[in-house]
Amino acid sequence: MKVSVWRGSIAEVKADAVIVNLFEKVTPPRGATGAIDQALGGAIARLIEAGEITGKAREAAVVYTLGRLPATKVVVAGLGPSAGFDYDGVRAAAGWAMRAAAKGRARTVATIVHGAGIAGLEPGTAAAAAVEGSLLAAYSFKELKVAEGDGGGVEELIVVEREEGKLAAIEDGVRRGEALARATALARDLVNRPANLVTPTALAEVAADIARRGGLSLEVLERADCERLGMGAFLSVAKGSDEPAKLIVLRYRPKDGRAGAQGPLAFVGKGLTFDSGGISLKAGEGMEGMKSDMAGGAAVLGAMEAVGTLKPPVEVIGVVPATENMPSGHASRPGDVVRAMNGKTIEIISTDAEGRMILADAIAYAKNLGAARLVDLATLTGACVVALGNVRAGLFSNDEGLAAAVEKAAAQAGEKVWRMPVDSEYGEQIKSEVADIKNTGGRPGGAITGALFIREFVGDTPWVHLDIAGMAMNSRDLPYTPKGATGFGVRTLAHLAESMK
Ligand code: BES
Ligand code: MN
Ligand code: ZN
């Protein structure tokens, strides 16, 4: 979708649909909505009086202009109550309005920036949120539906602003919102695509595209490289599969060459392109969903795409250990003991606890590259889904400062997280009889013991672990997140990188 900014009145734009808005309990309509209402001879005011347009959140009322405006239709987006209206409210309103426009087969859509008028939100941030909401809501994954063919959908979004003074901020916000939405769509595509197409090799090819577009450096470690480095944990998972594993490393350096006062920030994402469970085989029902077990890796690739566009003031390293987890004559067995890159030995109790195995070596590698702060994302445990459902990701950390920074970035992104405990008492559950540590800790606190296992490979480096098992896929349409892959984490990581010095 093409996105542009146009200075003028929303009542004068040529488009198939123009989007204005309304807070709950506001009559008569004011601002841009008032201008449209006037041009329509008071039609919107009358619909409000009749109770057909209420301004409630999720409402997207379509009004035909019947030649009174250059645009064919007006969509009035409900903003909900004005108290508490925020940037995520902007995303949601833009998302529902965009869907209504798309449903009415609009090709060109114009919108005002929700919140930048009477609500008093910062115009640039509101513009970014409006563009994010619009593009993310319009996302669909159709590439494998041959019968439906291409085409359809909104082709152009025009962001309209009357006030000259707000224009520069809005232009900048629109570019930022576009970058964040496109990076999120990239991650969604990777997660929606099945595992026969998104192999570790395919992920490495996508990483190469990201590197080229953003001017990042790329390193892909092959099995032999990983053997040389002693990555016995990563390789213990990879060896059951015929698909060659890849450890993908993208690196962004700011133009001025500085790493940032606190040193490089590293993102590490679980890139399990398919998790069958291995010899500890999963049940068949729903196993197709395990194509999404690379959602953490996809989020890191999406974030690096955004970083390549937004060019934050800090060095960012993105690491994605990519492999399948398959049962075969070459696969690891329960009871096997392997040695990770940092020298620690691990007893494999369940080959289905494979995410923490590959993260262990990826984190050790990121530290060797000089990572001074680590954020890992992983669809790590079903236990986290039991604890937090599909509303919040679990956040685990050893560092108050970094935890607060990630919480802030997540709030800015409209991605919900919840801090979880990491008391060392839980560590008793992953003590092994025969090795330094074992890879499962039983059912109680399963998300926490998963996090504590990873912490063993983090050391003293400030670290945040996001368990996104409940967040990677969405079973119903949300305001700007259609059913399917969500791209969760991309925008949080991008905001985090931008917040760092
Ligand atoms: N990829 C799964 C976790 C998962 C479950 C993600 C449901 C998304 C939805 C992970 O590799 C796994 O199998 N975890 C095990 C860990 C256990 C063996 C300690 C689990 O959660 O059962
Ligand atoms: Mn598993
Ligand atoms: Zn897994």
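Whatever order the structure lists them in is the order used to number ligands and atoms, beginning at 1. Any value given below was found using the heavy atoms of this structure, including those in side chains, with hydrogens, waters and symmetry copies removed. Everything numeric in this text was worked out from a predicted model, so none of it was measured.
- Looking from atom 14 (N) of ligand 1 to the surrounding protein, the closest heavy atom is Leu380 O, 3.3 Å.
- Scored by the side-chain hydrogen bond (donor to acceptor under 3.5 Å, both in side chains) test, Asp225 finds Arg228 as partners (sequence neighbours excluded).
- Atom 13 (O) of ligand 1 has its nearest heavy-atom neighbour, among Asn325, Val237, Asp352, in Asp352.
- Checked by distance only, ligand 1 and Thr381 stay at 3.5 Å or farther apart across all their nitrogen or oxygen atoms.
- Remark: among candidates Met294, Lys282, Glu354, the nearest residue to atom 11 (O) of ligand 1 is Glu354, based on non-hydrogen atoms.
- Interface atoms of ligand 1 facing Arg356, defined by a heavy-atom separation under 4.0 Å, are 16 (C), 19 (C).
- Within ligand 1, counting atoms from 1 as listed, the ones closer than 4.0 Å to a heavy atom of Lys270 are 1 (N), 10 (C), 11 (O).
- For Lys270, the nearest N, O or S atom to the Zn ion (ligand 3) falls under 2.8 Å.
- Residue Met473 does not touch ligand 1, judged by heavy-atom distances below 4.0 Å.
- Atoms of ligand 1 lying under 4.0 Å from any heavy atom of Met290, numbered from 1 in the order shown and given with element: 1 (N), 4 (C), 5 (C), 6 (C), 7 (C), 8 (C), 9 (C).
- The distance from ligand 1 to the heavy atoms of Ala469 drops below 4.0 Å at these ligand atoms: 6 (C), 8 (C).
- Every atom of ligand 1 with a heavy atom of Ser350 under 4.0 Å away is listed here by number and element: 18 (C).
- Side-chain atoms of Met420 and Leu388, non-hydrogen and from C-beta on, do get closer than 4.5 Å to each other.
- For a distance bound of 2.8 Å, the N, O or S atoms of Asp293 include none lying that close to the Mn ion (ligand 2).
- Nearest to the Mn ion (ligand 2), among the N, O or S atoms that Asp275 has, is OD2.
- Within Glu354, the N/O/S atom positioned nearest the Mn ion (ligand 2) carries the name OE1.
- Remark: minimum distance from atom 22 (O) of ligand 1 to any protein heavy atom is reached at Gly382 N, 4.6 Å.
- The Zn ion (ligand 3) has Asp275 among its coordinating residues (N/O/S atom, backbone or side chain, under 2.8 Å).
- Residues Asn474 and Pro482 form no side-chain contact, since every pair of their non-hydrogen atoms from C-beta on lies 4.5 Å or further apart.
- The protein non-hydrogen atom at the shortest distance from atom 2 (C) of ligand 1 is Asp275 OD2, 3.6 Å.
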